[in-house]
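The structure appears below as structure tokens.
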Amino acid sequence: MSLIDDFLARWREYRAPGYYEEFDYHWTMTVDLDRCTGCEACVTACQAENNTPIVGEEAIARGRHMQWMRIERYWEGEYPDVKLRAIPMFCQHCDAAPCETVCPVSATYHNQDGLNAQIYNRCIGTRSCAVYCPYEVRYFNYNNHHWDAPLEQQLNPDVSVREKGVMEKCTFCIQRIRQAKDAAKDDGRRRVQDGEVQPACVQTCPTEALVFGDRKDPESGVSQMLGNERAYTVLEELNTDPSVVYLKKVEADA
Amino acid sequence: MGVSIVPTLRVLKPAAMMVAVGFVGLLIGYFANAAFFPGTTPVQPIEFSHAVHAGDYEIPCLYCHTEARRSPSAGVPSVNKCMGCHAIVATDSPLIREVARYYENNEPIPWVKIHDLPDFVHFPHKRHVAAGLECQECHGPVETMDRVTRMAPNEMGQCLTCHRDSEVEHGIDCLTCHK
Amino acid sequence: MPNVDRRHFLKLVGAGGVGAGAGFMLSESRKHPVEHLVPYPVPPEEFSPGIATWYNSVCSMCSAGCGISVRTREGRAKKIEGNPAHPVSQGRLCALGQSGLQALYNPDRIAGPLVRAGRRGELEFDPTTWEESLAELANQLELMRTAGRGGGVALLSGGVRGHLASLLELFMGWLGSDRLLHYDFNHPATLYAANERFFGESELPYYDIENSRYVLSFGADFIGHWLSPVHHGLGFGRSRQARDGIRGRFVQIEPRMSLTGAAADEWIAASPGTEGILALGIARRIVDQGGYQGEDLDAWQAALDAYAPESVAEQTGVAADTVARLADSFAETQPGLAIGGGATGNHSNGVDALVAVNALNHLVGNIGVEGGVIFNPPPAFGPTASRQASLARMLELAEDARAGRIELLIVSNANPVFNLPEAAGFAEALAEIPQIVSLSSFLDETTAQADLILPSNTYLESWGDDTPAPGVGFRVGAVSQPVVEPLYDTRATGDIVLELAHRMGLDLAFPWPNMEEYLKYSWREVWSSGTPDPAIPDFDTFWTSVVRAGVWGDDTRAPSGEFAPGANVVEGIGVAAPEFAGAEGEYPFALHPYLSNALHDGRGANLPWMQELPDALTGVVYGTWVEVNPVTAEQLGVQEGDVVAIESPAGSIEAPVLVYPAIMPGVVAMPIGQGHEQYGRYAHEHGVNPINVLAAQTEPDTGALAWAATRVRLVPTGGREDLVKVSGEARELGREIVQIAAVGAGAGAGGAANARLNSIPITVVNT
């Protein structure tokens, strides 16, 4: 019984409000759905930055696409009163992430910056995390992937190329966060300032729908966005406490 | 009346001997390889001696490995850098003549990598140099080696021990090193 | 062991040997594979290993001219971002622009000069050298020039601007040929013509979406591929949520919901080709309601007389009260902006329709004001006369070819065999040209017909410059620099032209050794045209700073004066009913082709990222489909994945059906981009090319291809082809994933925050 008690005690600790408060940063992204057009610039930016493989038509037909960022599209109504609502969906970096509790080898865990980490060479490929993830944003490498030469020359040296049998997902561009912290240290600063780090998707978004930053800094752009009355989290009823906050789309007849 | 296994053993004896001899051969082969062709001490295309440069002449490591100060990778000096000194120094040594030949042909010297980390590891030399670490702490006493040997295993335990001991901020968070 | 016999001894020796060998190999296999550290013989100054270097340049994936910053590591390009200092992209970039890296590192690039070995189109080429092929080509050109037959040379390029365009102009001028043409499927020829007619301006104006409060878009997919999508995206985002208390509204009018239509507050389907009539219906309502008080009110009333609400409603299929509501909102909400393009401009009445849209802007006083239409100054450099070829001009070229008036055709990064309707007969005309030289980087359909291929560098390996069109309301010039060394034995287009000129003995006319020097020479003029800056004492400092920044120019929009259209312009306003190729009885559906979000006009089809980028509205990858309304699908008895033949008077293709909820029942839509026969492993054998069934119908004023003016019928073939999709359930089913707020909620907040996030710290190093 003590094992279960221990587990429950830790679980309560993680779930206690303010558990993550003591840490340095709380990286957060906001997505303004009233700005997002679903143009998918973010999808390609992510693929280019994070060495996401080209999987081929057949793999996609089997549901094995690997893009960490996707645009979900939902139709509402019938012709002629029909609307298409698009929403970018990627790892929500939940503070109470269901995926983290099921990994038998702790290959996925929450770190002190509020990131949901995935350690590739620790992962043994049980895929439990993908089953538990309510947002379906974890992607499994069913194959070793191949880049026809010389396409591999584009690969980002700051990001691992993942092998067959491991799970992968959005990292909030951890390599860029790391680099920003590094630059801050070089300047003798303790903290990364607002705007110094942007994941690839945020940097490229043509409509500026995505904002990224540290929620702990009350002056940061993302903190200001969080105060917006349109802010909500997807599947809030699951209490996953995502670090990705959406701003409601505005519709005239709503 | 009991059953004896002795007749069986007698029949198996030649086979057992062969296995035993084979196993001894295996051990000899394994260690012979390790002794004569050590992976940790590869032969370089040019027998460059750190003992001479860093030891006898006390040239600082960062004089040649300049990038270590400002880049994640320490880098190896270009043949151009070698010739910076050797255009004047020891020009008639056969090894230097070989270096000069690379230089004249505008070819790089294909040095064999000794200290290597897996591709999933983010190891910035810059940070460690800035923290005041001596190169020798990971690379061993290179200034005493004619042919460089990999002394440290460069495995995760080593990283974690040091990160723990020196109380690196978030030093044992996976994402600090894993990319 | 005394009883070991010889035979047994040998066995033991064998066992020992095998064991030792196995041990040796085991030890070997446990060793780290040997890796080499290969430093540069002489370290390059621009980069250090492990540290990224950024170069500013210009994107060439479409004609918008976004500034880019390319991140390189160890001499290889890793990532393209928007250049934060460039006023068009402002640090942002679209999906196609991002994937320029895959054009650079494409496995199907032509690696060196090739000369045809087999028969034309059989794709048998032998490698040749630049020396040999350039000498031969220059010799041939010089012979033609001195014999006065230089006019027999035609040069067909993709959309080029800046000094490369000037260089081509100069080169063809020296040859004595007027057959210098640029062909770009997406070139808005009718928009240029409509603006010329209405505004008397030959430049595209700046559409100030950012500061507008009400955008009325007639068919312009401005977030997709219309003019300058990244800049429009910025404007759209800021018009929506960057102003305190103000949220810009926008209405999209088009027969099939595009990416832009999906982002609009209201999507209105008007019958294909009647958008201009709708615009005039709105105009009439504005005039009738007293929204226009100009001196020429009478003329307007007369011109708009025929566009009474009932008649407009009948022709367009848009209810009369909707027309009235749009008119009233547009007139009330200032500043507003009406824009037109896409299918609206590429119909039989395209120019008239776009003039009608311009008229709307004039009637409510949105011309020359912030948030409306702002005129652009002439480009800072580059040729003034447009060489953009319409379909009519291309047909003329084909006719010249058939008549034997063209001896030599040079094609440079244009693919007319793919981008012109088969009915235009361009591919057949090519067969009549004695020699075809291609400067393309890829073996596309047109290059496959070439006799000599002199492969050019990609834009990431070339020097160049650009003046974005449309501009941003003030002068902008941008320099593109090579960000990596050329990968293969290829040369920049400008360098090829200069080399040819030199070998022809035209050194005096072309005194520059290469494109870089030509640019530097030409930019001296740009430098002297600017206001003197004490911080920039000489040209070299200026040039270095421009190359470093990637962009040069002003930063404020000068107010433009009063505008009034000429009396004859007002008199001539009117939009005729659209004319289609194909009778309605025989061909019941209007075909609405559109540029694929990822593949553009097909140029993106060889980029694997773009092939795997789910279509923005349907989620389909790697294919072509035909979109039909659910009601139409039911009438035809087809479901998603049923293959139908799309038959037009000009031809027939087959594609699977996709039931699309947001398309008019009488219209079927198809994405352009797939259906390549050549163009590399990623483009090859995916989908079909809807351009092939378009009739060679032109817009009468400009001769532009009226690509929205073909009718088709759908004939189920009984075949099945499952569409490969990256998408789940098409409806939310009460999950409230995309939540909706009422107008006014949380508007405006976050604008300041975003403005701050625009600046990205980037280290820029120039060569």
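Chain identifiers are assigned alphabetically (A, B, ...) following the order of the sequence lines, protein sequences preceding nucleic acid strands; residue numbering begins at 1 within each chain.
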Is the count of non-hydrogen atoms from other residues, nucleotides or ligands lying under 6.0 Å from C:Glu634 atom CD greater than 12?
no
Atom group of C:Ile663 that falls short of 4.5 Å from chain A, counting heavy atoms:
backbone
Not counting sequence neighbours, which residues clear side-chain contact (heavy atoms from CB on, under 4.5 Å) with C:Asp108? List them please.
C:Asn106, C:Arg681, C:Tyr682
Less than 4.0 Å between a side-chain N and a carboxylate O, is that true for A:Glu208 and A:Arg35?
yes
Which answer fits C:Asn629, side chain, backbone, both or neither, if we ask what part of it has an atom under 4.5 Å from a heavy atom of chain A?
side chain
How are the rings of C:Phe250 and C:Phe236 set relative to one another: parallel (under 30°), tilted (30 to 60°) or perpendicular (over 60°)?
perpendicular
Checking heavy atoms, do the side chain of C:Arg109, its backbone, both or neither come under 4.5 Å from chain A?
neither
Test side-chain contact (heavy atoms from CB on, under 4.5 Å) applied to A:Pro157 - qualifying residues, sequence neighbours left out
C:Arg73, C:Lys78
For C:Glu729, is it the side chain, the backbone, both or neither that has a heavy atom under 4.5 Å from a heavy atom of chain A?
backbone
For C:Arg247, is there an ion pair with A:Asp34 - N to carboxylate O distance below 4.0 angstrom?
yes
By a 4.5 Å heavy-atom criterion (distance strictly below it), what part of A:Pro150 contacts chain C: side chain, backbone, both, or neither?
both
Proximity breakdown for A:Tyr79 and chain C, heavy-atom pairs closer than 4.5 Å:
both
Could you go step by step and tell me if A:Phe212 and A:Val222 meet the side-chain contact (heavy atoms from CB on, under 4.5 Å) rule?
CA-CA 6 Å; A:Phe212 180 81; A:Val222 81; 6.0 Å; no
Can you list the residues of residues 169-179 of chain A that sit under 4.5 Å from chain C, counting heavy atoms only?
A:Arg176
Bottom line for A:Pro53: the part with an atom under 4.5 Å from chain C's heavy atoms is backbone
Could you tell me whether A:Glu196 and A:Arg189 make a salt bridge, using a distance below 4.0 angstrom between a side-chain N and a carboxylate O?
yes
Which bit of C:Ala77 comes within less than 4.5 Å of chain A, counting heavy atoms only: side chain, backbone, both or neither?
backbone
Using heavy atoms and a sub-4.5 Å threshold, report which of residues 54-78 of chain A line up against chain C, by residue number.
A:Ile54, A:Val55, A:Gly56, A:Glu57, A:Ile60, A:Ala61, A:His65, A:Gln67, A:Glu72, A:Arg73, A:Tyr74, A:Trp75, A:Glu76, A:Gly77, A:Glu78
Looking only at the side chains, is there a donor atom on one of A:Ser223 and A:Glu219 sitting less than 3.5 Å from an acceptor on the other?
no
Heavy-atom cut-off 4.5 Å, strictly under: side chain, backbone, both or neither for C:Thr618 against chain A?
backbone
Region of C:Met257 that comes under 4.5 Å of a non-hydrogen atom in chain A
side chain
Salt-bridge criterion met for A:Arg191 and A:Asp217 (N-O under 4.0 Å):
no
So which part of A:Leu151 gets closer than 4.5 Å to some heavy atom of chain C, the side chain, the backbone, both or neither?
both
Part of C:Ile737 lying under 4.5 Å from any heavy atom of chain A
both
